[in-house]
Novice: 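There's a structure below that I have some questions on.
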Amino acid sequence: MGEVVKVEMFAKNKKVNEAIQQQINKKLKMYEGDFKRFEQYCKQSSRIISFDALEKYLYQTIAEDKLKLSTFNRRAAGVSYYLVNQYNQFETAEQKQRIAQLRSIYNDKEHSEQKLMKGQSAKNKDEVMYEINKLDTRAKAISLVNLITACRPSEMIAIQIKHIELDNHSVSVYMQKQSQWKTKRLTLECVNTLRKYIKGYQLTDESYLVCRTDKHGNVSKDKSISDTAYRKSIHKWLGFAPYSLRKTQISSMHEAGADLPTIAKQSGHRSLETITKHYLEVNDTTVDKYL
């Protein structure tokens, strides 16, 4: 009896370990490009892959490469994750403090412009709709859903037809940043375009909204495209990044008089402060009206 319990416990522990490793592998994959650049730096400078080398690498990011604070932060996070989870190195409190001190260099006047961020700007919604209406059925349906729901690319590529309730004018979206599902509303125009798209391409409940296509336009209904491929598709169709659709919808709702909780319900934001700080800055077009 005791041997049976031991075997069961071993099997459970194995499943737990595999689940944890699977999550680690996902994050390692996400930071793979950042670590390869660090690896190349170590090779060229004859340094051992370590937290000490990471300090030198991050300093080069600031002082020599003149790269943005956002790049510094990604490199610091990505390489640190690799060193801990792939190389079994332990980051000491002193090393964390030293990297924090390097980050503070961006506060110096000499490097202050490297903190300047110019993200994707909101567009005029009427102009965006004009461009969307020129697209074919598939591209129009996908672009409309992205605009109206203000979804992030990672959320768009995870939507399946079974998540869409056409009669209820809604779609269930898994918010990766919050690790929870949110229900978002759809307009009548969006619903009608989706009906046409689903019928025309004979999509099933298990089909992905942004299903993969080959060079001949044939779709693989049960396969979604990558985040990168999705960004390229939106840029090809509309001439700008998909994040502009998110900013455009949030800005448009605000200009139409929606309060922050209403905007947050549709955009999926947990923090109202984030909406105010990052999405509701005065647009250039608004300023232009008063010049």
Novice: Is it the case that atom CD in Gln202 sees more than 12 heavy atoms from other parts of the structure closer than 6.0 Å?
Specialist: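 No, because the 6.0 Å sphere around CD of Gln202 holds 12 heavy atoms or fewer from other groups.
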Novice: With a cut-off of 6.0 Å (strictly less than), are more than 12 heavy atoms of other residues, nucleotides or ligands near NZ of Lys29?
Specialist: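 Incorrect, the count does not exceed 12.
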Novice: Is there a path from Leu144 to Tyr130 through hydrophobic residues (I, L, V, M, F, W, Y) whose side chains come within less than 4.5 Å of each other?
Specialist: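 They do not share one cluster, since no chain of ILVMFWY contacts under 4.5 Å joins Leu144 to Tyr130.
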Novice: Taking it one step at a time, do Val210 and Ile159 satisfy side-chain contact (heavy atoms from CB on, under 4.5 Å)?
Specialist: CA-CA 8 Å; Val210 193; Ile159 296 174; over 6 Å; no
Novice: Does either side chain, that of Arg212 or that of Ser224, offer a donor lying less than 3.5 Å from an acceptor on the other one?
Specialist: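 Arg212 vs Ser224: no donor-acceptor pair found between side chains.
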Novice: Can you say whether the rings of Tyr41 and Phe38 are parallel (under 30°), tilted (30 to 60°) or perpendicular (over 60°)?
Specialist: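 If you compare the ring of Tyr41 with that of Phe38, the planes turn out parallel.
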Novice: Treating Ile, Leu, Val, Met, Phe, Trp and Tyr as nodes and any side-chain heavy-atom pair under 4.5 angstrom as an edge, say whether Val79 and Phe90 lie in one connected cluster.
Specialist: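 Shared cluster, no.
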Novice: Take Arg103 and Asn73 through the side chain to side chain donor-acceptor pair (under 3.5 Å) test and state the conclusion after the steps.
Specialist: CA-CA 8 Å; Arg103 185 180 288 106; Asn73 287 334; 2.8 Å; yes
Novice: Does the pair Glu131/Lys134 count as a salt bridge with the N-to-O cut at 4.0 Å?
Specialist: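 Result for this pair is yes, salt bridge flagged.
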Novice: Roughly how far apart are Ile263 CD1 and Ile250 CD1, rounded to 0.5 Å?
Specialist: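 Spacing of CD1 (Ile263) from CD1 (Ile250) equals 7.5 Å.
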Novice: Taking the side chain as every heavy atom from C-beta outward, state whether Leu69 and Gln114 have any pair of such atoms under 4.5 Å apart.
Specialist: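 A side-chain contact under 4.5 Å is absent here.
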Novice: Mind checking the CD1-CD1 spacing from Ile157 to Ile225? Nearest 0.5 Å is all I need.
Specialist: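 The CD1 atom of Ile157 sits 7.0 Å away from the CD1 atom of Ile225.
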Novice: Assigning hydrophobic clusters by single linkage (Ile, Leu, Val, Met, Phe, Trp, Tyr; side-chain heavy-atom cutoff under 4.5 Å), is Met129 placed with Ile234?
Specialist: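 Yes: a chain of side-chain contacts under 4.5 Å links Met129 to Ile234.
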Novice: When rounded to the nearest 0.5 angstrom, what is the spacing between CG in Leu194 and CG in Leu186?
Specialist: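 Answer rounded to 0.5 Å: 6.5 Å.
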Novice: Evaluate the side-chain proximity of Phe240 to Leu245: yes if any heavy-atom separation is below 4.5 Å, no if none is.
Specialist: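 Yes; the side chains approach each other to less than 4.5 Å.
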Novice: Please walk me through it: do Asp259 and Lys265 pass salt bridge (charged side-chain N to carboxylate O under 4.0 Å, His left out)?
Specialist: CA-CA 10 Å; Asp259 57 26; Lys265 181 174 175 60; over 6 Å; no
Novice: Begin from the C-alpha positions of Tyr230 and Ser154 and carry the test side-chain contact (heavy atoms from CB on, under 4.5 Å) through to its verdict.
Specialist: CA-CA 9 Å; Tyr230 181 69; Ser154 60; over 6 Å; no
Novice: Is Asp52 salt-bridged to Lys56, cutoff N-O under 4.0 Å?
Specialist: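 Salt bridge: yes.
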Novice: Please table the atom pairs, donor to acceptor, closer than 3.5 Å between any side-chain atom in residues 92-100 and protein atoms at least two apart or in another chain.
Specialist:
unit_1 : atom_1 : unit_2 : atom_2 : d
Thr92  : OG1    : Gln95  : N      : 3.1
Thr92  : OG1    : Gln95  : OE1    : 3.4
Gln95  : OE1    : Thr92  : N      : 2.9
Arg98  : NE     : Glu55  : OE1    : 2.9
Arg98  : NE     : Glu55  : OE2    : 3.0
Arg98  : NH2    : Glu55  : OE1    : 3.0

Novice: Quick one: do Arg75 and Thr61 satisfy side chain to side chain donor-acceptor pair (under 3.5 Å)? Show the steps, please.
Specialist: CA-CA 9 Å; Arg75 287 183 172 184; Thr61 295; 2.8 Å; yes
Novice: Salt bridge check: are Asp108 and Lys115 linked by an N-O gap of less than 4.0 Å?
Specialist: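 No, this pair does not count.
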Novice: Using 0.5 Å steps for rounding, measure from the NE2 atom of His111 to the OG atom of Ser104.
Specialist: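 With rounding to 0.5 Å, NE2 (His111) is 10.5 Å from OG (Ser104).
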Novice: Would you sort out whether Glu165 and Thr183 count as a side-chain contact (heavy atoms from CB on, under 4.5 Å), showing the intermediate values?
Specialist: CA-CA 10 Å; Glu165 294 187 41; Thr183 300; over 6 Å; no
Novice: Check whether Val171 and Trp181 end up in the same hydrophobic cluster, where Ile, Leu, Val, Met, Phe, Trp and Tyr are linked by side-chain heavy atoms less than 4.5 Å apart.
Specialist: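 Result: no, two separate clusters.
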Novice: Assess, by modelled atom type and distance only, whether the side chains of Thr204 and Ser207 contain a donor and an acceptor separated by less than 3.5 Å.
Specialist: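 The criterion, which ignores hydrogens and geometry beyond distance, is satisfied for Ser207 and Thr204.
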Novice: If we ignore angles and hydrogens, is there a donor and acceptor under 3.5 Å between the side chains of Asn168 and Ser170?
Specialist: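 Yes, because at least one side-chain N or O of Asn168 sits under 3.5 Å from a partner of the opposite role on Ser170.
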Novice: Distance check, rounded to the nearest 0.5 Å: Ile49 atom CD1 versus Gln86 atom CD?
Specialist: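 Spacing of CD1 (Ile49) from CD (Gln86) equals 10.0 Å.
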Novice: Give the intermediate values and the outcome of side-chain contact (heavy atoms from CB on, under 4.5 Å) for residues Tyr81 and Ile24.
Specialist: CA-CA 9 Å; Tyr81 194 84; Ile24 291 174; 3.7 Å; yes
Novice: Salt bridge between Arg152 and Glu155, side-chain N to carboxylate O under 4.0 Å?
Specialist: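 Looking at Arg152 and Glu155, the cut-off is met.
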Novice: Does some side-chain heavy atom of Phe35 sit less than 4.5 Å from a side-chain heavy atom of Tyr87?
Specialist: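 Counting from C-beta outward, Tyr87 and Phe35 do come under 4.5 Å.
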Novice: Between Glu32 and Lys36, does any NZ, NE, NH1 or NH2 come within less than 4.0 Å of an OD or OE carboxylate oxygen?
Specialist: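 Salt bridge between Lys36 and Glu32, a charged N being under 4.0 Å from a carboxylate O: yes.
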Novice: Rounded to the nearest 0.5 Å, how far apart are OH of Tyr243 and CZ of Arg231?
Specialist: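 Spacing of OH (Tyr243) from CZ (Arg231) equals 8.5 Å.
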Novice: So do the side chains of Phe72 and Ile62 get within less than 4.5 Å of each other, counting heavy atoms only?
Specialist: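 Yes; the side chains approach each other to less than 4.5 Å.
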Novice: I'd like to check Cys151 versus Val145 (side-chain heavy atoms, cut-off strictly below 4.5 Å). Are they in contact?
Specialist: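 A side-chain contact is absent here, since even the closest heavy-atom pair is not under 4.5 Å.
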Novice: I'd like to check the side-chain hydrogen bond (donor to acceptor under 3.5 Å, both in side chains) partners of Tyr106; sequence neighbours left out, ordered by chain and number.
Specialist: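 Listed in chain order: nothing, the list is empty.
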Novice: Examine the side chains of Gln21 and Asn25 and answer whether a donor and an acceptor come within less than 3.5 Å of each other.
Specialist: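 Side chains of Gln21 and Asn25: pair found under 3.5 Å.
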Novice: Report yes if the side chains of Gln160 and Leu209 come closer than 4.5 Å at any heavy-atom pair, otherwise no.
Specialist: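 When only atoms from C-beta onward are counted, Leu209 and Gln160 do not touch, as no gap falls below 4.5 Å.
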Novice: According to a hydrophobic-cluster definition based on side-chain heavy atoms being under 4.5 Å apart (Ile, Leu, Val, Met, Phe, Trp, Tyr only), do Tyr208 and Ile142 belong together?
Specialist: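 Unlinked, Tyr208 and Ile142 end up in two clusters.
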Novice: Could you check whether any side-chain heavy atom of Val173 comes within less than 4.5 Å of a side-chain heavy atom of Met156, counting everything from C-beta outward?
Specialist: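 A side-chain contact is absent here, since even the closest heavy-atom pair is not under 4.5 Å.
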Novice: Are the side chains of Met175 and His269 in contact, using a 4.5 Å heavy-atom criterion?
Specialist: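 A side-chain contact under 4.5 Å is absent here.
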